[in-house]
Student: 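Quick one: this structure, given as structure tokens, is what I'll be asking you about.
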Number of protein chains: 2
Amino acid sequence: MVQAAWQLKAEKCRKVLQDSLNPAWLLPASELPPPDHLNVADFPDKCTLLEPRELEITKKNGVDLLAEMAAGTLTAVETTTAFLKRAHIGHQLLNFATEFLVEDALARAVELDAYYKSTGRLVGPLHGLPISVKEHVAIKDHICHSCYIAWTDNVATEDALLVKLLRNAGAVIHVRTNAPQSLMHIDCDNVIYGPTVNPHNRKLTPGGSSGGEGASLGFRCAVLGVGTDIGGSVRVPAAFCGAYGLRTTALRNPYKGVVLAGDGQESIRCVISPLANSIADINLFQKAILDQEPWEEETSLVPLPWKQAPPAKVDGITVGVIWDDGVVHPHPPVSRGLRRAVEKLKAAGVKVVDFEPYEHARGWDILAALYFPDAAKLQKDILAEGGEPVAPLTTWAFNYARPEPLTVAENWELNVRREAYRADYHRVMKERGVDFILCPAYLGVASELATGQYWLYTAIWNILDQPCVAFPTGLKAEPSIDVVEADYQPRSTDDEREYKKYVPSKFTDAPISLQLVGKHFRDEDTVAAADLVSKIVQG
Amino acid sequence: MVQAAWQLKAEKCRKVLQDSLNPAWLLPASELPPPDHLNVADFPDKCTLLEPRELEITKKNGVDLLAEMAAGTLTAVETTTAFLKRAHIGHQLLNFATEFLVEDALARAVELDAYYKSTGRLVGPLHGLPISVKEHVAIKDHICHSCYIAWTDNVATEDALLVKLLRNAGAVIHVRTNAPQSLMHIDCDNVIYGPTVNPHNRKLTPGGSSGGEGASLGFRCAVLGVGTDIGGSVRVPAAFCGAYGLRTTALRNPYKGVVLAGDGQESIRCVISPLANSIADINLFQKAILDQEPWEEETSLVPLPWKQAPPAKVDGITVGVIWDDGVVHPHPPVSRGLRRAVEKLKAAGVKVVDFEPYEHARGWDILAALYFPDAAKLQKDILAEGGEPVAPLTTWAFNYARPEPLTVAENWELNVRREAYRADYHRVMKERGVDFILCPAYLGVASELATGQYWLYTAIWNILDQPCVAFPTGLKAEPSIDVVEADYQPRSTDDEREYKKYVPSKFTDAPISLQLVGKHFRDEDTVAAADLVSKIVQG
């Protein structure tokens with residue numbers, strides 16, 4: 001049968017991926033776990049590929065690796081090799097990569113080691129740290145298609161600004177990662193690479209849209225990851241995969257060079273920000289980037305350095321808890337995680353109060369209209385140009401849009417409503433004396449493949465432009481404990497649809513994660529509070 | 001003859017103005033200068049209304065008045081009375097006010113004095129300083145029509161946020177000021193109040209759109225003034241009237257409560273900012289406002305306090321000079337003022353270099369399309385609703401718009417072009433080693449009534465979102481010196497139209513002003529540099 005043109009283009013991209021793998025680091029099928037082995041998070045401990053020393057390296061966080069490299073007890077080549085090898089295993093199990101950068105990464109690591117050897121100093125604050133990067137963040141001379149077939153001939157002429165700054169800081173970019181069609185799913189599947197799956201339960205999605213990043217960090221294929229977030233696309237994958245994910249306030253991190261349909265849409269800004277395996281590494285990333293004053297090149301950014309916030313204190317913060325957003329009720333494991341977190345925080349002496357969510361449905365009404373003010377015509381045209389089949393989740397997302405394109409004046413009106421909602425929410429937080437909000441990062445622990453339809457637990461903070469950190473509680477979904485609430489009465493069709501998706505046995509081993517939300521532009525304070533809160537919750 | 005409905009509404013507003021005047025402070029017609037007496041700037045010195053002490057008070061700047069009030073040698077009532085009386089004369093001569101707030105102002109002054117008397121302290125950093133406010137900035141319980149007949153029943157339910165903060169700081173709001181129809185003229189005429197004129201030459205406009213503010217500060221009717229600027233509307237009137245005018249970077253000063261058609265239009269933001277008679281007073285104003293953290297209420301603002309910038313040093317800055325924007329050639333008095341300024345700066349040891357303007361026509365192409373993305377439908381509808389005659393300058397401004405409304409996607413494309421232009425301009429300034437740009441604030445010293453059509457000398461910095469200060473050079477247009485350049489060849493029809501407007505005798509006594517431009521978000525540094533530069537230029 002003759003392949004359609006779109007299939008040939010998809011094939012070309014898959015070949016790029018295939019050719020980028022180092023065959024020596026791939027395990028034979030016989031050594032891989034069988035498909036019904038769902039939780040593969042600890043597979044690297046059992047397989048033969050990683051040397052004990054490599055295994056040890058990949059279990060460390062960035063700040064510790066950096067300290068060793070500064071002390072000369074670890075090289076960038078060792079570090080890069082270890083993470084590249086682990087990422088190869090990860091890819092075999094999870095299908096998370098769109099392209100490996102083996103040669104570039106190792107060449108850079110060699111340079112870094114040479115620099116250290118000759119000067120005794122590190123190149124920069126991210127010296128030798130392997131970082132995975134979401135596919136639509138431009139890498140010079142590489143295809144950057146944003147998961148659109150129509151864009152598969154788009155070769156980036158320069159690195160995205162954030163990538164440049166990461167490289168300046170000594171980071172090693174070693175793998176590019178998968179994302180969903182349209183980049184507007186909390187799932188991670190497209191016609192080129194197929195679905196990425198969750199390291200803790202391969203029947204579940206790693207989340208999205210930065211799903212490849214979720215898998216990358218959840219499987220420790222990288223020290224840090226670069227994702228983008230316009231509705232939860234960093235935090236959802238971090239939460240589903242048991243990693244940490246930051247959404248900064250807009251206009252702080254350099255966004256230039258992110259390839260996304262709808263450039264110039266400023267009503268709801270997409271942000272670029274890190275995933276990590278510790279809060280300390282998130283801080284490290286942010287400081288390394290903002291110390292380079294990206295606003296000197298990307299002038300739309302606000303020139304705010306990344307201040308070193310003082311550590312948050314147990315008796316210095318008030319945390320408001322959103323148990324349920326009033327629209328869609330959380331699944332039992334998430335509610336259990338939240339209950340347990342609140343108990344621990346209270347026991348530790350943190351002031352915790354219930355926080356009635358402030359009109360989240362109002363926020364969604366504005367946000368949904370602003371995601372695709374042109375009735376998603378731009379995206380639909382790109383999909384049509386590529387000729388690729390359109391996934392149901394893509395259609396689902398496009399249907400958030402009003403049926404007809406907004407006029408410019410209607411867009412203005414929504415901007416006004418957005419500003420009023422932001423100001424109201426800020427006022428309400430102040431009136432209630434709440435510094436931070438603790439809430440679910442998603443209604444459940446994760447979703448099954450191709451089923452995620454409700455993002456408002458994260459997206460509400462996108463319309464509010466408040467900084468948030470998703471973090472793991474250390475707990476996992478357990479079917480025997482997290483039983484369906486027998487008496488739960490759905491409050492709406494949306495609520496019913498989502499609650500019905502909760503079948504305890506399907507979510508075994510999925511990490512229970514939460515989200516800590518701070519105030520607009522208080523990113524540093526939010527990260528500092530997330531450090532305190534996550535440690536207490538995990539303790 | 002029966003009056004049209006719009007005339008009745010205009011009449012109602014004029015009655016509000018008329019009733020707000022204190023008849024005791026109005027001079028009989030016989031004591032007013034005749035209409036052909038054009039320069040009335042020093043009339044207060046000659047007339048009988050102001051006592052010598054009052055005259056003295058109105059000649060002082062804010063920081064000095066404040067020092068006297070802090071020392072107890074001057075009261076707020078004396079200060080307010082003096083400026084109210086001078087403003088009455090000013091209104092008789094210039095028609096600059098839309099409403100006096102005599103009772104409110106004096107009542108507030110009494111309160112301030114009582115507070116000082118009982119505590120020995122000032123209420124705040126603007127204690128007792130009379131401030132004039134452009135009409136479309138809301139004052140609680142007063143009509144706020146933005147010069148639209150259709151809006152003449154719009155009574156503000158609360159003060160604009162900036163007004164609240166001014167009052168908190170101890171300021172006395174004593175007069176509201178005129179603006180042009182549509183607020184998109186660099187002129188100051190509308191069907192309600194008629195034209196405001198320039199204190200230095202009453203055949204000239206005070207500029208616009210904050211023209212009433214220009215006249216207010218130029219005639220010293222107020223210590224500080226509040227204007228708004230989306231294309232030069234603060235700087236043009238300041239320049240035409242010999243005052244100082246700041247345009248801040250967007251999202252620094254609180255804008256909430258400004259009544260303007262097109263709320264939610266964010267592609268080119270209108271800013272609210274001060275006019276003054278000294279740079280020190282501009283600093284005083286900015287610090288008084290931003291010290292109150294307006295971002296806690298207006299959450300779209302960037303939370304950047306007004307830092308006290310170190311004084312700029314003669315050998316610490318490089319100033320690039322734009323002699324001509326490459327689109328429309330300046331008139332001879334402006335070129336003379338600029339030449340003289342450069343000579344003085346060089347003589348003082350400041351590094352001054354020529355700065356070839358970077359693609360200003362490109363900037364205008366983007367900006368003109370973004371002023372009215374809806375083809376000015378909103379404004380046209382409001383004018384039609386009011387039934388008022390549409391002024392030629394209004395039609396002129398609306399014709400900047402493309403004939404058909406932009407789609408949302410076309411608006412995005414222009415946003416992208418705007419961002420690219422901003423980044424390019426910033427890069428060019430850095431490559432050329434230029435910290436600040438010195439340039440005309442307008443192609444001429446002022447324009448005759450109802451003739452101003454070219455704003456790009458100011459508007460280019462609106463699309464670039466760079467902070468600027470307009471300031472007087474201390475020179476005035478002199479027909480005998482500022483002769484028409486005999487050999488000047490117009491470069492375009494726009495250029496020819498504007499150059500033909502220069503008839504030396506028409507501009508006698510108009511102040512020659514200039515504009516100093518800084519980098520995006522470097523507002524404090526720009527004000528500090530303007531302090532140094534203006535003092536050298538005036539020295």
Side-chain angles (χ1 to χ4, degrees), chain A residues 161 249-252 255-256 261-267 269 295-304 369-370 372-379 381 401 405-427 429-430 464-466 519-523, chain B residues 161 249-252 255-256 261-267 269 295-304 369-370 372-379 381 401 405-427 429-430 464-466 519-523:
Chain A
L161 179 51
T249 301
L251 299 179
R252 292 212 63 181
Y255 185 77
K256 187 181 166 188
D263 268 355
Q265 185 281 97
E266 298 174 343
S267 291
R269 287 182 184 269
W295 46 84
E296 287 294 325
E297 179 166 342
E298 185 173 327
T299 51
S300 57
L301 301 178
V302 174
L304 280 173
L370 285 173
F372 304 105
D374 65 342
K377 180 175 186 309
L378 177 66
Q379 284 85 352
D381 286 352
L406 302 184
T407 64
V408 166
E410 286 167 337
N411 200 146
W412 293 347
E413 205 179 301
L414 286 158
N415 291 347
V416 170
R417 289 178 56 199
R418 181 203 64 206
E419 285 308 310
Y421 184 54
R422 286 180 181 173
D424 282 352
Y425 216 108
H426 186 68
R427 180 179 45 73
M429 280 184 74
K430 287 181 73 171
L464 290 168
D465 197 15
Q466 294 187 213
K519 291 177 179 168
H520 189 51
F521 273 118
R522 267 66 161 195
D523 300 75
Chain B
L161 179 52
T249 301
L251 299 179
R252 292 211 65 181
Y255 185 78
K256 186 180 165 188
D263 268 355
Q265 183 282 97
E266 298 174 341
S267 290
R269 287 181 184 269
W295 47 84
E296 287 294 326
E297 179 167 343
E298 185 174 327
T299 51
S300 57
L301 300 178
V302 174
L304 279 174
L370 286 173
F372 304 106
D374 65 341
K377 180 175 185 308
L378 177 64
Q379 285 85 352
D381 286 352
L406 301 184
T407 64
V408 166
E410 286 167 337
N411 200 144
W412 293 347
E413 205 179 300
L414 285 158
N415 291 348
V416 170
R417 289 178 56 199
R418 181 203 65 207
E419 285 308 309
Y421 183 54
R422 285 179 181 173
D424 282 352
Y425 215 108
H426 186 70
R427 179 179 45 73
M429 279 184 74
K430 288 182 72 171
L464 290 168
D465 198 15
Q466 294 186 214
K519 291 177 179 167
H520 189 53
F521 273 116
R522 266 68 161 195
D523 301 75

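Below, chain A is the first sequence line, B the second, and so on; all start at residue 1.
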Student: Please determine, among A/L378, A/T249, A/D374, the option with the most heavy-atom pairs under 4.5 Å with chain B.
Tutor: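 Of A/L378, A/T249, A/D374, A/D374 has the most heavy-atom pairs under 4.5 Å with chain B.
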
Student: Which atoms of B/K430 come close to chain A, meaning under 4.5 Å heavy atom to heavy atom: side chain ones, backbone ones, both, or neither?
Tutor: side chain

Student: Using a 4.5 angstrom heavy-atom cutoff, name the option from A/V416, A/V408, A/D465 with the most pairs to chain B.
Tutor: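 Highest number of heavy-atom pairs under 4.5 Å: A/V408.
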
Student: Quick one: closest heavy-atom pair of A/L304 and A/W295, and the distance?
Tutor: O-CZ3, 3.6 Å

Student: What distance separates B/E266 CD from B/N411 CG, expressed to the nearest 0.5 Å?
Tutor: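 Reported value, rounded in 0.5 Å steps: 10.5 Å.
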
Student: Between A/A401 and A/A375, what is the shortest heavy-atom contact and its length?
Tutor: CB-CA, 3.9 Å

Student: Under 4.5 Å from any heavy atom of chain A, what part of B/R418 do you find: side chain, backbone, both or neither?
Tutor: side chain

Student: Between chain A and each of B/K377, B/H426, B/R422, count heavy-atom pairs under 4.5 Å; write down the option with the most.
Tutor: B/H426

Student: Can you say whether B/E410 sits under 4.5 Å from chain A via the side chain, the backbone, both, or neither, judging by heavy atoms?
Tutor: neither

Student: Side chains of B/N415 and A/D263: does their closest heavy-atom pair fall under 4.5 Å?
Tutor: no

Student: Could you tell me which of A/P303, A/G264, A/G262 has the largest number of non-hydrogen atom pairs under 4.5 Å with chain B?
Tutor: A/G264

Student: Please examine the side chains of B/L414 and B/S267, heavy atoms only from C-beta on, and report whether any two atoms are closer than 4.5 Å.
Tutor: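 Contact flag for B/S267/B/L414 side chains = no.
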
Student: With the side chain counted from C-beta on, respond yes when A/M429 and A/K519 share a heavy-atom pair under 4.5 Å apart, and no when they do not.
Tutor: yes

Student: Could you tell me whether the side chain of A/Y255 reaches within less than 4.5 Å of the side chain of A/R269, counting heavy atoms only?
Tutor: no

Student: Under a 4.5 Å cut-off applied to non-hydrogen side-chain atoms, are B/P373 and A/W412 in contact?
Tutor: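 In contact.
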
Student: Heavy-atom cut-off 4.5 Å, strictly under: side chain, backbone, both or neither for B/Q265 against chain A?
Tutor: both

Student: Heavy-atom cut-off 4.5 Å, strictly under: side chain, backbone, both or neither for B/T407 against chain A?
Tutor: backbone

Student: Please classify the contact of B/R427 with chain A as side chain, backbone, both or neither, using a heavy-atom distance under 4.5 Å.
Tutor: neither

Student: Could you tell me which of B/E413, B/H520, B/E296 has the largest number of non-hydrogen atom pairs under 4.5 Å with chain A?
Tutor: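 Highest number of heavy-atom pairs under 4.5 Å: B/E296.
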
Student: Heavy-atom cut-off 4.5 Å, strictly under: side chain, backbone, both or neither for B/L251 against chain A?
Tutor: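 Neither part; nothing is under 4.5 Å.
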
